[in-house]
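Numbered from 1 within each chain, the chains take letters A, B, ... in sequence-line order.
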2 protein chains.
Amino acid sequence: MDEISPQHPRAESLRIRKRIVDGFKLGLVVGEGLAAHGRGEAFDYFLGERTTREARKAIKAAAALLLLAENPVISVNGNAAALVPEEIVELSRATGARIEVNLFHGSRRRERLIARWLRKHGAREVLGVDPRFSTRIPEVHSNRRKVDRRGIAAADVVVVPLEDGDRTEALKKMGKRVIAIDLNPMSRTARAADITIVDNIVRALPLMIDAVRGLSRKSRTELRKIVEDFDNGANLAAALKAMRQRFKQG
Amino acid sequence: MDEISPQHPRAESLRIRKRIVDGFKLGLVVGEGLAAHGRGEAFDYFLGERTTREARKAIKAAAALLLLAENPVISVNGNAAALVPEEIVELSRATGARIEVNLFHGSRRRERLIARWLRKHGAREVLGVDPRFSTRIPEVHSNRRKVDRRGIAAADVVVVPLEDGDRTEALKKMGKRVIAIDLNPMSRTARAADITIVDNIVRALPLMIDAVRGLSRKSRTELRKIVEDFDNGANLAAALKAMRQRFKQG
């Protein structure tokens with residue numbers, strides 16, 4: 001029905017928005033997720049709707065950290081599942097990371113819907129849905145958070161696309177290394193994570209898969225150097241500066 | 001159910017969001033509208049969730065232009081109808097502007113729902129729903145846009161809250177004078193309009209009604225002077241500057 005003309009200057013952004021709305025209709029995404037997506041759109045707009053040089057650096061460091069990890073896990077919520085299901089599965093394959101459904105607005109039904117959706121897109125295993133493996137970790141402002149004993153609870157590195165600040169801080173307190181994908185460089189998630197990719201997940205994940213493949217033959221020493229050379233604070237400051245530039249051009 | 005504590009730092013913003021979500025449940029708002037609202041929330045956040053001095057100036061000029069207009073029309077979409085139905089009706093009464101339903105993601109059913117909703121809130125007449133009066137105007141990147149022959153097609157001044165850039169540009173090409181309410185001072189709508197109110201529609205409309213009442217006894221010469229003295233480019237630059245400040249604090 002709603003055909004988006006490819007000539008529309010915001011065609012790509014409108015196409016992505018349509019994917020979230022489709023996910024909403026399928027029950028993967030909640031209303032709050034739609035509003036959160038819109039907030040992301042505004043930040044992406046400030047970013048120029050492109051992957052910055054800083055984001056590329058963060059993506060490379062994230063790829064190196066994932067290759068070094070013993071038990072990496074990709075934490076997936078409704079929005080991530082709706083936007084990039086195939087890319088999540090591909091990243092999981094390329095890195096050996098397990099996939100875990102982890103929701104802020106959780107419900108058993110939605111967890112199962114998302115798990116089925118990911119399997120439909122090629123995932124062989126999806127954690128976070130079997131209550132026999134469920135355990136809880138302390139979280140500051142929300143209910144205690146449910147995680148999978150085989151997944152996030154046991155992970156050394158967790159990828160959190162589109163995550164809430166409390167959750168990221170909770171993961172940090174448990175000693176995990178966190179890779180965040182967050183369009184807001186000022187968010188608590190962005191600041192709490194070890195590596196923050198300030199980019200749209202739709203652009204960032206394919207680049208991350210490429211980066212993992214590009215680095216797969218490097219030695220652990222080389223990979224460690226890439227991670228150590230990455231300065232998240234400086235990278236966030238640069239991302240913020242790029243956004244500020246847009247305001248000046250306005 | 002979802003009670004919002006008045007102590008919550010973002011209580012007002014959450015209350016407004018609830019109105020959009022309620023509108024979605026009623027079928028007035030589409031999923032894309034929820035995302036668009038979230039996008040607006042982010043811009044409002046940068047604005048400090050307040051009406052700036054610049055916005056007040058634009059509101060005054062808009063009120064003067066509406067009082068000068070021969071055939072003013074308020075173009076209403078789902079989000080505007082959900083957020084400020086009473087204010088739309090009140091502004092229409094105070095200025096003699098006709099109300100027209102005009103949707104980006106259009107459907108006959110939703111048009112009728114919105115018209116009924118506006119009537120429920122006091123509107124005596126709602127244009128844009130009777131196919132006998134429907135005509136089309138050229139629009140660049142989307143399908144040709146449907147308008148009412150008695151409304152937007154015949155208007156000299158059109159108020160477009162929350163409008164798409166293509167539509168605003170199409171109206172300008174037809175020689176209309178456009179008053180936009182848009183939280184993004186860099187948008188094509190903001191730049192194409194004659195008077196752009198960079199403010200949340202929820203705050204701006206009541207102020208616009210007050211301004212119309214305050215100016216209603218002024219002569220046409222005085223009103224014309226107010227409109228002529230208003231510089232939209234300078235006003236947008238000032239709004240942008242206000243937002244830039246927030247980024248610096250980040």
Side-chain angles (χ1 to χ4, degrees), chain A residues 1-11 13-26 29-46 48 79 82-83 105 141 183-187 190-191 236-237 239-250, chain B residues 2 13-14 16-18 20-25 29-46 79 103-107 139-143 164-166 169 183-188 190-191 198 233 236-250:
Chain A
M1 186 198 89
D2 288 328
E3 268 308 305
I4 298 153
S5 153
Q7 274 82 46
H8 193 290
R10 289 191 51 248
S13 175
L14 292 174
R15 257 194 301 270
I16 298 171
R17 189 187 281 181
K18 193 173 177 314
R19 248 187 277 170
I20 276 283
V21 173
D22 289 345
F24 178 78
K25 287 175 187 162
L26 289 169
V29 171
V30 284
E32 286 82 355
L34 291 182
H37 179 78
R39 275 195 304 279
E41 280 182 8
F43 281 99
D44 202 13
Y45 180 85
F46 294 130
N79 283 28
L83 289 174
H105 299 280
H141 298 102
L183 277 159
N184 177 1
M186 295 169 282
S187 76
R191 287 182 293 186
L236 286 175
L240 201 58
K241 200 178 158 192
M243 288 191 175
R244 233 166 14 224
Q245 287 305 112
R246 284 277 287 181
F247 270 113
K248 275 185 194 146
Q249 288 161 18
Chain B
D2 288 328
S13 174
L14 293 174
I16 298 170
R17 187 192 290 178
K18 195 176 175 312
I20 277 282
V21 173
D22 289 346
F24 177 79
K25 287 175 187 160
V29 171
V30 284
E32 283 83 354
L34 290 183
H37 181 77
R39 187 180 165 100
E41 278 180 9
F43 280 101
D44 201 13
Y45 174 83
F46 293 124
N79 284 28
L103 306 180
F104 189 72
H105 298 281
S107 84
E139 205 174 283
V140 192
H141 299 103
S142 2
N143 297 328
D164 174 75
D166 280 351
E169 286 170 359
L183 277 159
N184 177 2
M186 294 169 281
S187 75
R188 283 185 302 136
R191 288 183 292 185
V198 180
L236 286 175
L240 203 57
K241 200 177 159 192
M243 285 191 177
R244 208 150 55 208
Q245 290 304 110
R246 289 278 289 185
F247 258 113
K248 274 187 191 143
Q249 288 160 19

- Task: Flag the one option from B:Asn184, B:Leu183, B:Val21 with the top tally of heavy-atom pairs under 4.5 Å to chain A.
- Result: B:Asn184

- Choice from B:Ala35, B:Gly31, B:Ala42 maximising heavy atom contacts with chain A below 4.5 Å: B:Ala35

- Message: Please determine whether a side-chain nitrogen of the Lys or Arg among B:Glu32 and A:Arg17 lies less than 4.0 Å from a carboxylate oxygen of the Asp or Glu.
- Response: no

- Item | Min side-chain heavy-atom separation A:Tyr45-B:Arg39 under 4.5 Å | yes

- Message: Could you work out, with ring-ring contact (aromatic ring centres under 6.0 Å, His included) as the rule, every residue matching B:Phe46, not counting sequence neighbours?
- Response: A:Phe43, A:Phe46, B:Phe247

- Task: Applying side chain to side chain contact (heavy atoms under 4.5 Å, CB included), name anything that partners A:Ala239, two or more places apart in sequence or on another chain.
- Result: A:Pro185, A:Val198

